[in-house]
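The structure appears right after this line, and notes come after that.
For this chain, numbers begin at 1 and follow the sequence in order.
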Amino acid sequence: MIKTYTYKIKPNKSVQRKFEEQAGICRYVYNLGREVREESFKKGVNINYFALSKQLTEAKKDFDWLKQVNSQTLQAVLERLELGYKKFFTDLKKGNKTSKPKWAKKDKWRSLPFKSIKTTFNGFKLPSFGNIKVFNFKVPRGELRTASIIKEADGLYLKIVVREENISQERENQSVCAIDMGINFFLTTSDGEFVENPKHLFNYLKELRVENRKLSRMKKGGNNWKKQVKVLQLLHQKISRVRKDFLHKQSRDLANNYSTVIREGLNISKMVKDSKLAKHILDCSWGLFFEFLEYKTDVVKVNPAYSSQTCSKCKHASKENRKTQSLFECINCGYTENADLQATFNLLQRGQSLMEVKTDR
């Protein structure tokens, strides 16, 4: 199992200076790699990651400042560019709307990747950075894989990717439940629990409008403008952290109470194309919630088609069964129930059928 540990780096001018210098070099290498590929495309030549890596090795002989950054970090930057072009060509073949990797802007490049990392008695040791002290230091369990220094609104953070052994846990509670995701309610369980949607973004919209209005009145690039940008960044960071805290708590609550959770196999990327619902769906962060849930307990995905229009009693499916957003009334047998709760019953039946098939195999 792959896990990520996040630590806040203790304020250090030397670390801050090295980060800014190396981030600038990485951004330059990324943009140079993009430029070389684009010029090669015009001449009918396809330049890939391996060709760029060889050119980078040769460039180090002429430009000593490239040696300030660890070679594996520069390789990771070129790999990032390669992945961007691979996605571009894959989407192009599928006929999807896509765009080539964009130029890396100075204010947008906020990370440094590392492929090797070691622990120390009070922090971590990174190539070309040396020992880095962090707050609330705790040695990660498992094999250290990669690391990244991330610049956020309130300072630098170190993210450690670790591979842990999958330890099968014997649970006292072997119960199963199904969940139905929604907008009015964040989720509904087949046991009849309704979790209110906290609407994190909408709770801060008024404050965001005020701060954005202040920013619009300032001269772009000025000192006051930069201070106001920092205020907005901190506010967005706060919203993000409040949302993640909620998602972690809800996923942990389900994992503690159920050994298996059955959920809808939603195509979220397609759903957010609906302009009326996009902001609500993105604010709920269903995808991130599913990600948290899947490494905390067993999850079974089922087809959500017509789950809210099919009667769980007589199996009659009709659009007319869904009288309103919240009311389900079967036109065949007259069964009445909350629409979201009714949907979880169908999801539960579908999930249990899948589980039985897997058990038989």
Side-chain angles (χ1 to χ4, degrees), residues 168-203 242-268 271-272 277 280-317 321-330 333 335-359:
S168 58
Q169 297 180 350
E170 292 294 332
R171 296 174 180 267
E172 293 182 4
N173 191 343
Q174 295 295 325
S175 59
V176 179
C177 89
I179 58 173
D180 177 72
M181 311 305 295
I183 300 298
N184 292 331
F185 291 101
F186 175 74
L187 66 82
T188 305
T189 73
S190 53
D191 283 346
E193 180 184 1
F194 294 83
V195 178
E196 291 286 344
N197 182 1
K199 298 183 179 180
H200 304 289
L201 176 63
F202 294 88
N203 291 336
V242 170
R243 182 186 292 115
K244 284 183 179 179
D245 179 69
F246 170 79
L247 298 178
H248 270 300
K249 287 177 179 176
Q250 291 302 321
S251 57
R252 173 47 58 195
D253 184 55
L254 286 171
N256 288 341
N257 291 309
Y258 304 100
S259 60
T260 303
V261 176
I262 298 167
R263 74 166 181 87
E264 305 159 281
L266 299 173
N267 187 347
I268 299 173
M271 294 173 71
V272 296
L277 297 176
H280 295 274
I281 294 172
L282 292 172
D283 189 32
C284 287
S285 292
W286 292 340
L288 189 59
F289 173 73
F290 294 151
E291 186 180 316
F292 291 165
L293 188 62
E294 283 173 6
Y295 73 76
K296 293 174 183 175
T297 190
D298 293 330
V299 175
V300 176
K301 289 191 288 185
V302 297
N303 186 353
Y306 309 109
S307 59
S308 62
Q309 298 176 10
T310 303
C311 179
S312 60
K313 299 296 183 181
C314 68
K315 304 304 177 186
H316 177 73
N321 286 346
R322 188 92 182 244
K323 301 299 182 182
T324 65
Q325 182 65 29
S326 60
L327 177 62
F328 178 93
E329 186 177 346
C330 181
C333 67
Y335 174 67
T336 303
E337 186 55 88
N338 177 277
D340 294 331
L341 183 59
Q342 158 67 23
T344 65
F345 297 155
N346 289 317
L347 296 173
L348 183 63
Q349 292 169 9
R350 294 175 189 180
Q352 288 175 331
S353 298
L354 281 177
M355 291 166 67
E356 288 173 3
V357 170
K358 290 180 180 179
T359 303

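Taking CD of Glu196 as the start and CZ of Phe185 as the end, the distance is 5.0 Å to the nearest 0.5 Å. To the nearest 0.5 angstrom, Asp191 atom CG is 7.0 Å from Ser175 atom OG. Taking CZ of Arg263 as the reference point, atom NZ of Lys301 lies at 5.0 Å (rounded to 0.5 Å). Remark: His248 NE2 to Leu288 CG distance equals 7.0 Å, nearest 0.5 Å. Atom CG of residue Leu187 and atom CZ of residue Phe194 lie 10.5 Å apart, to the nearest 0.5 angstrom. Here Thr260 contributes atom OG1 and Met355 contributes atom CE; the two are 4.0 Å apart, rounded to the nearest 0.5 Å.
When each of Ile262, Val299, Leu254, Val195 is paired with Ile179, the side chain to side chain contact (heavy atoms under 4.5 Å, CB included) condition holds for Leu254 and for no other.
Minimum heavy-atom separation, Ser251 to Phe289: N-CE1, 3.7 Å. Minimum heavy-atom separation, Asn197 to Cys284: ND2-SG, 3.5 Å. Residues Pro198 and Asn203 share a closest heavy-atom pair of O-ND2, 2.9 Å.
The local environment of NZ in Lys323 is crowded, with over 12 non-hydrogen atoms from other residues, nucleotides or ligands closer than 6.0 Å.
Partners of Phe328 according to the ring-ring contact (aromatic ring centres under 6.0 Å, His included) rule, which considers only residues two or more places apart in sequence or in another chain, do not exist here. Remark: His316 pairs with no residue by the side-chain hydrogen bond (donor to acceptor under 3.5 Å, both in side chains) rule, at least two apart or across chains. Partners of Asn184 under the side-chain hydrogen bond (donor to acceptor under 3.5 Å, both in side chains) rule, at least two apart in sequence or in another chain, do not exist in this structure. Among residues two or more places apart in sequence or in another chain, the salt bridge (charged side-chain N to carboxylate O under 4.0 Å, His left out) test is passed with Glu193 by none. In this structure, Lys199 has no side-chain hydrogen bond (donor to acceptor under 3.5 Å, both in side chains) partners at least two apart in sequence or on a different chain. Applying the salt bridge (charged side-chain N to carboxylate O under 4.0 Å, His left out) test to Asp245 and every residue at least two apart in sequence or in another chain returns Lys249. With sequence neighbours left out, the ring-ring contact (aromatic ring centres under 6.0 Å, His included) criterion links Phe290 to no other residue. The ring-ring contact (aromatic ring centres under 6.0 Å, His included) check on Tyr306 picks up nothing, with sequence neighbours excluded. Under the ring-ring contact (aromatic ring centres under 6.0 Å, His included) criterion, Phe202 pairs with His280, not counting sequence neighbours. With sequence neighbours excluded, the residues forming a salt bridge (charged side-chain N to carboxylate O under 4.0 Å, His left out) with Arg322 are Asp340, listed by chain and number.
The closest donor-acceptor contact from the side chain of Asp180 to the backbone of Thr188 lies at 3.5 Å or more, if one exists at all.
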Checklist entry - Stepwise, does the side-chain contact (heavy atoms from CB on, under 4.5 Å) test hold for Phe186 with Met181? => result CA-CA 6 Å; Phe186 175 74; Met181 311 305 295; 3.8 Å; yes
Show me the donor-acceptor pairs within less than 3.5 Å that the side chains of residues 341-351 make with the rest of the protein, sequence neighbours left out.
residue: Gln342; atom: OE1; partner: Ser312; partner atom: OG; Å: 3.1
residue: Gln342; atom: NE2; partner: Thr310; partner atom: O; Å: 2.5
residue: Thr344; atom: OG1; partner: Leu341; partner atom: O; Å: 2.5
residue: Asn346; atom: ND2; partner: Ser307; partner atom: O; Å: 2.8
residue: Asn346; atom: ND2; partner: Thr310; partner atom: O; Å: 2.7
residue: Gln349; atom: OE1; partner: Lys315; partner atom: NZ; Å: 2.1
residue: Arg350; atom: NH1; partner: Asn303; partner atom: O; Å: 2.5
residue: Arg350; atom: NH1; partner: Ala305; partner atom: O; Å: 3.0
residue: Arg350; atom: NH2; partner: Ala305; partner atom: O; Å: 2.9

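Identified under the side-chain hydrogen bond (donor to acceptor under 3.5 Å, both in side chains) test for residues 281-291, with sequence neighbours left out: Arg243-Asp283.
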